[in-house]
Amino acid sequence: MLNKFNETYQDRGTIKWMGMYLSEHTASLEAEKKKLLKVVPVKPRMSSEDIEKVIDTAILRSSLVAIQIEDKVHIIV
């Protein structure tokens, strides 16, 4: 009987190994994907004094600070 079953059974391949996601999981994954794809506009360059003020204020208020790194460095000789 078992051999007959094995002869007629059609394997689903990798589909059977794919996980089942609940709607909460897919909504969470979509929200995370949107957050990662968000484009942040380039901010104007700040002076050292302005940067120090922002950091001091953030420390006093225990808040987060986002830092934008310049991607090109110009060296004048």
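Numbering of residues begins at 1 and proceeds along the displayed sequence.
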Give the table of side-chain donor-acceptor pairs shorter than 3.5 Å for residues 28-41, with sequence neighbours excluded, one pair per line with atom names and distance.
none

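The hydrophobic cluster containing I55 does not contain L60, counting ILVMFWY residues as joined when their side-chain heavy atoms lie under 4.5 angstrom apart, directly or transitively. One hydrophobic cluster holds both I59 and I51 under the rule that ILVMFWY side chains link at heavy-atom gaps under 4.5 Å.
Checking side-chain atoms of Q68 against main-chain N and O of K43 turns up a donor-acceptor pair under 3.5 Å.
Every salt bridge (Lys or Arg N to Asp or Glu O under 4.0 Å) that R45 has, sequence neighbours left out, goes to E70.
Within the model, atoms CG of D56 and CD of E52 stand 7.0 Å from one another, a figure rounded to the nearest 0.5 Å.
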